[in-house]
Amino acid sequence: VQLQAFGGGLVQPGGSLNLSCVASATTFDINSMGWYRQAPGRQRELVARITNDDSTDYVDSVKGRFTISMDNAKKTVYLQMNKLKPEDTAVYYCKADFITPFPGWAPITSTWGHGTQVTVSS
């Protein structure tokens, strides 16, 4: 299983970016996908998460500005980020939780993608 993230970059405060992450080389069904971020000197935190029944969670600091969505058939998750602030600057990581009901496997198997840098600066 591979996760590839796209869409990071440099944007001015108040601007927008759209991140996407696609899971490939897998036939496992998705339980949920999410975006996490890690700023220098800080712990990685959950930004947004979406389940296969479209239930969503957001960290309070991005509510009303970020929107997560998922195309389950394409195994792709998106993060539309609007009204970006300098404090949103971080490396953003995609994570997928797959359903793996196989003998000897955990019921859910998680995979992380490589990060993509988001920098909000004037």
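Position 1 is the first residue of the sequence; numbering continues from there.
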Task: Hphob cluster co-occupancy, Y36 + F98, side-chain heavy atoms under 4.5 angstrom - done: no

TODO: Report yes or no: is the cationic atom of R37 (NZ for Lys, CZ for Arg) closer than 6.0 Å to the six-membered ring centre of Y93, at no more than 45° off its axis?
DONE: no

Open item on the list: Taking the ring of Y58 and the ring of W35, is the distance between their centroids below 6.0 Å?
Closed with: no

TODO: Quick one: do S110 and K95 satisfy side chain to side chain contact (heavy atoms under 4.5 Å, CB included)? Show the steps, please.
DONE: CA-CA 7 Å; S110 299; K95 177 174 175 276; 3.7 Å; yes

Open item on the list: Is there a continuous path of hydrophobic side-chain contacts, each under 4.5 Å between heavy atoms, that joins F6 to M81?
Closed with: no

Task: Beyond-backbone contact of R65 with K85, side-chain heavy atoms, under 4.5 angstrom - done: yes

- [ ] Could you pull out the closest heavy-atom pair between C21 and L3, with the gap in Å?
- [x] SG-CB, 3.9 Å

Open item on the list: Tell me if the CD atom of Q38 is crowded by more than 12 foreign heavy atoms within 6.0 Å.
Closed with: yes

- [ ] Could you go through the side chain to side chain contact (heavy atoms under 4.5 Å, CB included) check for L79 and T67 one step at a time?
- [x] CA-CA 6 Å; L79 186 67; T67 302; over 6 Å; no

Open item on the list: Please check this pair: side chain of S122 against backbone of Q12, looking for a donor-acceptor N/O pair closer than 3.5 Å.
Closed with: no

Open item on the list: Whether the T89 and E87 side chains hold a donor-acceptor pair (N or O, under 3.5 Å, no angle test) is what I'd like checked.
Closed with: no

Task: Closest approach of T116 to A5 (non-hydrogen atoms, all atoms of both residues) - done: CG2-CB, 4.3 Å

Open item on the list: Between V59 and Y78, is there shared hydrophobic-cluster membership here, with clusters defined by ILVMFWY side-chain heavy atoms closer than 4.5 Å?
Closed with: no

- [ ] Treating Ile, Leu, Val, Met, Phe, Trp and Tyr as nodes and any side-chain heavy-atom pair under 4.5 angstrom as an edge, say whether I99 and F102 lie in one connected cluster.
- [x] no

- [ ] From the options T56, V77, D97, D57, select the one residue that forms a side chain to side chain contact (heavy atoms under 4.5 Å, CB included) with S32.
- [x] D97

- [ ] Consider only side-chain heavy atoms of I, L, V, M, F, W and Y, link residues closer than 4.5 Å, and tell whether L19 and V22 are in one cluster.
- [x] no

TODO: Please name the pair of heavy atoms, one in P13 and one in S121, separated by the smallest distance, quoted to 0.1 Å.
DONE: CD-C, 3.6 Å

- [ ] May I have the step-by-step check of side chain to side chain contact (heavy atoms under 4.5 Å, CB included) for N52 and D29, ending in yes or no?
- [x] CA-CA 9 Å; N52 56 13; D29 290 330; over 6 Å; no

Open item on the list: Can you confirm whether the side chains of D53 and T51 place a donor and an acceptor under 3.5 Å from each other?
Closed with: yes

Task: Beyond-backbone contact of I50 with S55, side-chain heavy atoms, under 4.5 angstrom - done: no

TODO: Could you label the plane-to-plane angle of the Y92 and F66 rings as parallel, tilted or perpendicular, counting under 30° as parallel and over 60° as perpendicular?
DONE: tilted

Open item on the list: With heavy-atom distances below 4.5 Å as the criterion, would you say the side chains of C94 and M33 are in contact?
Closed with: yes

TODO: State, with a plain yes or no, whether a side-chain heavy atom of S16 is found less than 4.5 Å away from one of Q80.
DONE: yes

